[in-house]
Amino acid sequence: VQLQASGGGLVQAGDSLRLSCAASGRAISSYIMGWFRQAPGKEREFVAAISWSRGMLLYAESLKGRFTISRDNAKNTVYLQMNSLKPEDTAVYYCAADRRSSVISSLNRSPSEYDYWGQGTQVTVSS
(Lines give C-alpha, C1' and ligand atoms only; values in the text may rest on other atoms or scores of the structure.)
Protein backbone atom coordinates (compact mmCIF):
# COMPACT_ATOMS: atom_id res chain seq x y z
CA VAL A 1 0.00 0.00 0.00
CA GLN A 2 1.27 3.43 -0.93
CA LEU A 3 -0.19 6.48 0.77
CA GLN A 4 0.05 9.96 -0.71
CA ALA A 5 -0.86 12.89 1.52
CA SER A 6 -1.68 16.26 0.02
CA GLY A 7 -3.47 19.50 0.72
CA GLY A 8 -1.03 21.17 3.06
CA GLY A 9 0.11 24.74 2.69
CA LEU A 10 0.66 28.10 4.31
CA VAL A 11 -2.45 29.63 5.87
CA GLN A 12 -3.31 32.25 8.44
CA ALA A 13 -4.63 31.60 11.90
CA GLY A 14 -8.37 30.96 11.76
CA ASP A 15 -8.29 29.52 8.26
CA SER A 16 -9.29 26.01 7.25
CA LEU A 17 -7.56 23.28 5.28
CA ARG A 18 -8.58 19.87 4.08
CA LEU A 19 -5.89 17.25 3.79
CA SER A 20 -6.30 14.20 1.58
CA CYS A 21 -4.60 10.83 1.73
CA ALA A 22 -4.91 8.77 -1.42
CA ALA A 23 -4.05 5.10 -1.24
CA SER A 24 -2.82 2.95 -4.07
CA GLY A 25 -1.62 -0.59 -4.41
CA ARG A 26 -4.67 -2.15 -2.82
CA ALA A 27 -7.99 -1.17 -1.36
CA ILE A 28 -7.89 0.29 2.12
CA SER A 29 -11.57 -0.20 2.81
CA SER A 30 -10.84 -2.74 5.57
CA TYR A 31 -8.04 -0.76 7.20
CA ILE A 32 -8.18 1.62 10.11
CA MET A 33 -6.78 4.92 8.86
CA GLY A 34 -5.12 7.55 10.96
CA TRP A 35 -3.60 11.01 10.83
CA PHE A 36 -0.57 12.04 12.82
CA ARG A 37 1.50 15.19 12.90
CA GLN A 38 5.04 16.07 13.82
CA ALA A 39 6.34 19.52 14.61
CA PRO A 40 10.08 20.31 14.51
CA GLY A 41 11.85 18.90 17.53
CA LYS A 42 8.76 17.07 18.76
CA GLU A 43 7.55 13.50 18.67
CA ARG A 44 4.95 12.33 16.22
CA GLU A 45 1.52 13.12 17.67
CA PHE A 46 -1.78 11.36 17.12
CA VAL A 47 -4.48 13.46 15.48
CA ALA A 48 -7.39 11.21 14.51
CA ALA A 49 -8.36 7.73 13.32
CA ILE A 50 -11.34 6.22 11.57
CA SER A 51 -12.55 2.65 11.29
CA TRP A 52 -13.14 1.00 7.95
CA SER A 53 -16.89 1.34 8.20
CA ARG A 54 -16.65 5.00 9.32
CA GLY A 55 -18.69 4.00 12.34
CA MET A 56 -15.94 4.60 14.88
CA LEU A 57 -13.85 7.71 15.23
CA LEU A 58 -11.01 8.55 17.54
CA TYR A 59 -9.58 12.01 18.10
CA ALA A 60 -6.88 13.63 20.10
CA GLU A 61 -8.81 15.32 22.89
CA SER A 62 -7.12 18.65 22.31
CA LEU A 63 -8.23 18.67 18.64
CA LYS A 64 -11.77 17.40 18.98
CA GLY A 65 -14.22 19.94 17.62
CA ARG A 66 -11.78 21.59 15.23
CA PHE A 67 -10.58 18.59 13.21
CA THR A 68 -12.77 16.05 11.43
CA ILE A 69 -11.61 12.80 9.87
CA SER A 70 -13.59 11.11 7.12
CA ARG A 71 -13.07 8.59 4.39
CA ASP A 72 -14.41 7.64 0.98
CA ASN A 73 -13.72 3.95 0.45
CA ALA A 74 -14.89 4.11 -3.15
CA LYS A 75 -12.12 6.65 -3.81
CA ASN A 76 -9.61 4.91 -1.54
CA THR A 77 -9.09 8.25 0.17
CA VAL A 78 -9.09 9.58 3.72
CA TYR A 79 -9.56 13.24 4.60
CA LEU A 80 -8.75 15.52 7.49
CA GLN A 81 -10.76 18.72 7.68
CA MET A 82 -9.00 21.25 9.87
CA ASN A 83 -10.85 24.37 10.98
CA SER A 84 -9.90 27.38 13.07
CA LEU A 85 -6.25 26.63 12.56
CA LYS A 86 -3.74 27.92 15.09
CA PRO A 87 0.00 28.51 14.82
CA GLU A 88 0.55 25.52 17.10
CA ASP A 89 -1.04 23.31 14.44
CA THR A 90 2.04 23.89 12.30
CA ALA A 91 3.57 20.49 11.55
CA VAL A 92 4.09 17.85 8.94
CA TYR A 93 0.91 15.81 8.74
CA TYR A 94 1.10 12.10 7.98
CA CYS A 95 -1.56 9.59 7.09
CA ALA A 96 -1.18 5.96 8.08
CA ALA A 97 -2.92 2.63 7.65
CA ASP A 98 -3.44 -0.10 10.23
CA ARG A 99 -4.06 -3.36 8.41
CA ARG A 100 -4.04 -5.63 11.44
CA SER A 101 -6.71 -4.27 13.76
CA SER A 102 -10.33 -5.13 13.15
CA VAL A 103 -11.69 -2.72 15.77
CA ILE A 104 -10.51 0.80 16.50
CA SER A 105 -9.18 1.26 20.02
CA SER A 106 -7.02 3.53 22.13
CA LEU A 107 -4.05 1.62 20.76
CA ASN A 108 -4.62 3.45 17.50
CA ARG A 109 -3.26 6.57 19.16
CA SER A 110 0.18 5.01 18.89
CA PRO A 111 2.25 5.21 15.68
CA SER A 112 3.40 1.62 16.31
CA GLU A 113 -0.08 0.35 15.47
CA TYR A 114 0.23 1.44 11.85
CA ASP A 115 1.83 -0.52 9.07
CA TYR A 116 1.93 1.95 6.20
CA TRP A 117 2.78 5.64 6.15
CA GLY A 118 2.52 8.43 3.66
CA GLN A 119 5.30 10.90 3.04
CA GLY A 120 3.68 13.78 4.89
CA THR A 121 2.36 17.17 3.89
CA GLN A 122 3.49 20.43 5.49
CA VAL A 123 0.94 22.65 7.19
CA THR A 124 2.14 26.06 8.30
CA VAL A 125 -0.15 28.42 10.17
CA SER A 126 0.96 32.01 10.53
CA SER A 127 -0.26 34.27 13.30
Pairing residues for S16 by the side-chain contact (heavy atoms from CB on, under 4.5 Å) criterion, not counting sequence neighbours: Q81, N83

What pairs meet the ring pair (Phe, Tyr, Trp, His ring centres under 6.0 Å) rule with one or both residues in residues 4-42, with sequence neighbours excluded? F36-F46, F36-Y114, F36-W117

Could you state whether L63 and L57 fall into the same hydrophobic cluster, counting links through intermediate Ile, Leu, Val, Met, Phe, Trp or Tyr residues with side-chain heavy atoms under 4.5 angstrom apart? yes

Measuring from S127:OG to K86:NZ, what's the distance to the nearest 0.5 Å? 13.5 Å

Could you pull out every donor-acceptor pair under 3.5 Å between side chains of residues 118-126 and any protein atom, sequence neighbours left out?
{"from": "Q119", "atom 1": "OE1", "to": "A5", "atom 2": "N", "distance (Å)": "3.3"}
{"from": "Q119", "atom 1": "NE2", "to": "A5", "atom 2": "O", "distance (Å)": "2.9"}
{"from": "T121", "atom 1": "OG1", "to": "G8", "atom 2": "N", "distance (Å)": "3.1"}
{"from": "Q122", "atom 1": "NE2", "to": "A91", "atom 2": "O", "distance (Å)": "3.4"}
{"from": "Q122", "atom 1": "NE2", "to": "T124", "atom 2": "OG1", "distance (Å)": "3.3"}
{"from": "S126", "atom 1": "OG", "to": "V11", "atom 2": "O", "distance (Å)": "3.3"}

Among residues at least two apart in sequence or on other chains, which ones pass salt bridge (charged side-chain N to carboxylate O under 4.0 Å, His left out) with E61? K64

Could you go through the side-chain contact (heavy atoms from CB on, under 4.5 Å) check for I50 and I104 one step at a time? CA-CA 7 Å; I50 185 168; I104 200 168; 5.6 Å; no

Looking at OG of S106 and CG of L58, how far apart are the two atoms once the value is rounded to the nearest 0.5 Å? 7.5 Å

Salt bridge (Lys or Arg N to Asp or Glu O under 4.0 Å): which pairs involve residues 104-115, sequence neighbours left out? R100-D115

Once side-chain hydrogen bond (donor to acceptor under 3.5 Å, both in side chains) is applied, do any residues pair with S112, and if so which ones, sequence neighbours excluded? S110

If you take all heavy atoms of Q2 and G25, which pair is closest and at what distance? OE1-CA, 3.8 Å

Between T77 (side chain only) and K75 (backbone N and O only), is there a donor and an acceptor less than 3.5 Å apart? yes

S105: what forms a side-chain contact (heavy atoms from CB on, under 4.5 Å) with it, not counting sequence neighbours? L107, N108

Would you mind listing every salt bridge (Lys or Arg N to Asp or Glu O under 4.0 Å) that reaches into residues 16-38, with sequence neighbours excluded? R37-E45, R37-D89

Tell me, please, which residues at least two apart from S29 pass side-chain contact (heavy atoms from CB on, under 4.5 Å). A27, N73

Could you grab the distance from atom SG of C95 to atom CD of Q4, nearest 0.5 Å is fine? 8.5 Å

Closest non-hydrogen atoms of G7 and L17, given as atom of the first, atom of the second and distance, are O-CD2, 3.6 Å

Hey, are the side chains of V78 and I69 touching, using non-hydrogen atoms and a 4.5 Å cut-off? yes

Going by side-chain hydrogen bond (donor to acceptor under 3.5 Å, both in side chains), name the residues that satisfy it together with S101, two or more places apart in sequence or in a different chain. D98

Between C21 and L3, what is the shortest heavy-atom contact and its length? SG-CB, 3.9 Å

With ring pair (Phe, Tyr, Trp, His ring centres under 6.0 Å) as the rule and sequence neighbours excluded, what pairs involving residues 79-98 come up? none

In the structure I gave you, are the side-chain heavy atoms of M82 and R66 within less than 4.5 Å of one another anywhere? no

